[in-house]
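As a basis for the values below, the full set of heavy atoms in this structure was taken, side chains included, without hydrogen atoms, waters or symmetry mates. Just so we're on the same page: letters track the sequence lines, and every chain starts at 1. Quick caveat: nothing in here was measured; it's all calculated off a predicted structure.
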Amino acid sequence: MTQFQEKATVTRRELLSSDNVRLTFQSAKIASAAEPGQFVMIRVGAGKDPLLRRPFSIHQATAEGTLQIYFKVVGRGTAMLAGIREGDEVSILGPLGRGFQLTDSPVCLVGGGLGIAPMLFLATRLGERRSGQIHGRVLLGGRTRMEVEPLLGDFEQTGFPVLVATDDGSFGQRGFVTAIFSTLDLPPDCTVYCCGPEPMMASMAVLSRERHLHCQVSVESAMACGMGACLGCSRTARNGEYVHVCLDGPVFDAEDMAWTF
Amino acid sequence: MDLLNPTPPHPDLRVSIGPLSLANPVMTASGTFGYAQEFETLMNLRRLGAIIVKGISLHPRAGNPPPRIVESACGMLNAIGLQNVGVQRFIEEKLPYLGGLGVPIIVNILGDSIDEYREITERLAESSVVSAIEVNISCPNVKKGGVAFGSDPLMAAAVTGVVKEKAAVPVIVKLSPNVTDVTLIARAVAEAGADAVSLINTLIGMAIDLKRRRPALANVFGGLSGPAIKPVALRMVYQVAKSVQIPVIGIGGIESAEDALEFMLAGATAVQIGTANFVNPRASEDVVDGIGAYVIEEGLTSIREMIGALEIC
Ligand SMILES: Cc1cc2nc3c(=O)[nH]c(=O)nc-3n(C[C@H](O)[C@H](O)[C@H](O)COP(=O)(O)OP(=O)(O)OC[C@H]3O[C@@H](n4cnc5c(N)ncnc54)[C@H](O)[C@@H]3O)c2cc1C
Ligand SMILES: Cc1cc2nc3c(=O)[nH]c(=O)nc-3n(C[C@H](O)[C@H](O)[C@H](O)COP(=O)(O)O)c2cc1C
Ligand code: FES
């Protein structure tokens, strides 16, 4: 798999809510090589502190070289990245990791919170594969309206029907997306794709197993290199062995992971 | 240096680590460069002075539970736990690729007993791809209550002795900075026959997650690396270069040609690039470019003029 370290220009900066930001880059090589579920490592500053790159899912990528990330400000690195201006250049490393396995059978995409990020690229690619009839749904969850609504239009463009839940009920159904998932009538050959907070992915793993549905999850871990060189990003698999999120994942079969509730 | 090639390359970046000749003094540090193949599309591996691979033990090791890494000011802490595929799989799966690169391959080894160091050296002696062995002596000696081999001059010398006895190639001993007087250990391994020493390995540290009131690393302690440790590394390289006759390889927070050149002034014959590989996968090649440009700009006949050329008034 070919990877690139690219100087990318920020072409658009969108503040989608008080602390959720979407950045669009012109990053020809990485964008055209990217697959849904893969991620990039971004240098948030030029100095020695913070030192390490930060990992972000690929939110959208086009053959024309546009690359998007969608992130929340949670600390120093993301705050620096949020402060970037259109026209600025950043160093991006990618595309990294193993993404989602695409399928032609029915699908259900479930994104919670910032786990919504990789779902747009996935929905776009899946939508392109099934011109005409769309067998699938997208479920989006957030704490409040502003975490979901700004992205709704982009998801609707992929052709999939979109269902929404918010914790406070300010948009869509009140409660968790997992509750919507439980009530859905899904065909037995439906593939479930999921990304979100740990407890949500853990319950999606259980719910999918109960219904004998194949579920792919995109997980996180602390990372230094993002490319298999440091062995720092380990996570415990169901069989007790360690897997490396940047190399073996970030997308795994939900059945293969150990979940804590 | 190379008698068959009377016209020196320009810029002349060649250095010798004992009997091992390198095209330039830039190597990749163990554990920060995987098995090199990970970097093949991101840089030109053939431009490196040498490649040092992830530490290898006799048997595969699973490593420590997560979380294994955490960032700190200008650096990072790691507690990977020496995860590796073991010497057998290393020879079968990794060495053939490395052998095709045409760059000296240095294998970093580790063990928890003297016997293990001996056995792994014997296994590696069968391979023609290995150009040198780097001995990580920062590991705990299980038979001596877990005291690190590298913190005791006698144990450090004993490990060096067995590896040297079995090795078919030059032996570099990698020193731990977690000691009171690093020159004592350096002298002990030099007397035991080491062809060179490399330093520093990571400094033992700790980070705390205040919100969870827990250590940030599952292992509680981790090794500090990156720019934060460079001043400590420079000081130790300087001290060791003054106290042993064998070549010294400088490691610790090197990100740029300037950093590398400072280590050479302090007495290092060569350098290793570690954590910087994570930030810039091309860092090692950039350092080769940078020191080449420096040699030309400064009108040096050879990079070797820089070794130990620090002026202290
Ligand atoms: C493969 C992968 C893909 C990712 N994709 C995305 C994405 O698309 N969008 C996105 O917003 N984030 C994503 N993340 C998480 C993102 O990398 C982190 O939020 C970021 O590194 C935090 O950097 P920081 O410097 O701001 O925070 P730090 O200074 O590193 O941490 C500050 C505080 O934030 C906390 N923190 C760290 N990571 C997270 C997290 N993931 N969530 C909540 N709190 C956190 C820390 O515990 C700490 O208390 C992804 C992570 C991985 C491994
Ligand atoms: C993630 C990681 C893994 C490492 N693994 C090893 C190892 O297996 N063997 C070893 O001798 N040193 C290991 N080291 C130490 C480095 O080779 C180097 O000595 C140290 O990081 C200091 O250099 P730096 O500041 O340039 O990173 C490791 C360092 C890091 C950061
Ligand atoms: S982040 Fe370095 S190996 Fe995965």
Quick check on [X] against chain A: is it the side chain, the backbone, both or neither that has a heavy atom closer than 4.5 Å?
| X | answer |
| --- | --- |
| N280(B) | both |
| E40(B) | neither |
| S72(B) | backbone |
| Y35(B) | neither |

Is it the case that atom [atom1] in [X] sees more than 12 heavy atoms from other parts of the structure closer than 6.0 Å?
| X | atom1 | answer |
| --- | --- | --- |
| E93(B) | CD | yes |
| F221(B) | CZ | no |
| R209(A) | CZ | yes |
| F176(A) | CZ | no |
| E89(A) | CD | yes |
| K29(A) | NZ | no |
| I204(B) | CD1 | no |

Considering only heavy atoms and a distance below 4.5 Å, find which of C230(A), C233(A), A222(A) pairs most often with chain B.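 The candidate making the most pairs under 4.5 Å is C230(A).
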
Taking P67(B), P281(B), G31(B) one by one, which has the highest count of heavy-atom pairs under 4.5 Å against chain A? P281(B)

Among A36(B), A62(B), G226(B), G253(B), single out the residue with the greatest number of heavy-atom pairs under 4.5 Å to chain A. A62(B)

Return the [atom1] to [atom2] distance between [X] and [Y], rounded to the nearest 0.5 Å.
| X | Y | atom1 | atom2 | answer |
| --- | --- | --- | --- | --- |
| S91(A) | R282(B) | OG | CZ | 11.5 Å |
| I80(B) | S234(A) | CD1 | OG | 7.0 Å |
| Q5(A) | M43(B) | CD | CE | 11.0 Å |
| M227(A) | F39(B) | CE | CZ | 3.5 Å |
| D49(A) | C74(B) | CG | SG | 4.0 Å |

Less than 4.5 Å to any heavy atom of chain B: does that hold for the side chain of [X], its backbone, both, or neither?
| X | answer |
| --- | --- |
| T2(A) | both |
| R235(A) | backbone |
| L93(A) | side chain |
| Y242(A) | side chain |

Minimal non-hydrogen separation, A224(A) against I69(B), with atom names: N-CD1, 3.2 Å

Closest heavy-atom pair and its distance - C225(A), F278(B): CB-CD2, 3.5 Å

A side-chain contact here means heavy atoms from C-beta on lying under 4.5 Å apart; do P227(B) and L51(A) qualify? yes

For residues Q83(B) and H244(A), determine if any side-chain heavy atom of one lies less than 4.5 Å from a side-chain heavy atom of the other.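 Q83(B) reaches H244(A) side chain to side chain.
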
Salt-bridged, R54(A) to E71(B), with N to O below 4.0 Å? yes

Would you say the side-chain atoms of R68(B) pair up with the backbone N or O of L231(A), donor to acceptor, closer than 3.5 Å?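 Pair found, side chain donor or acceptor close to backbone of L231(A).
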
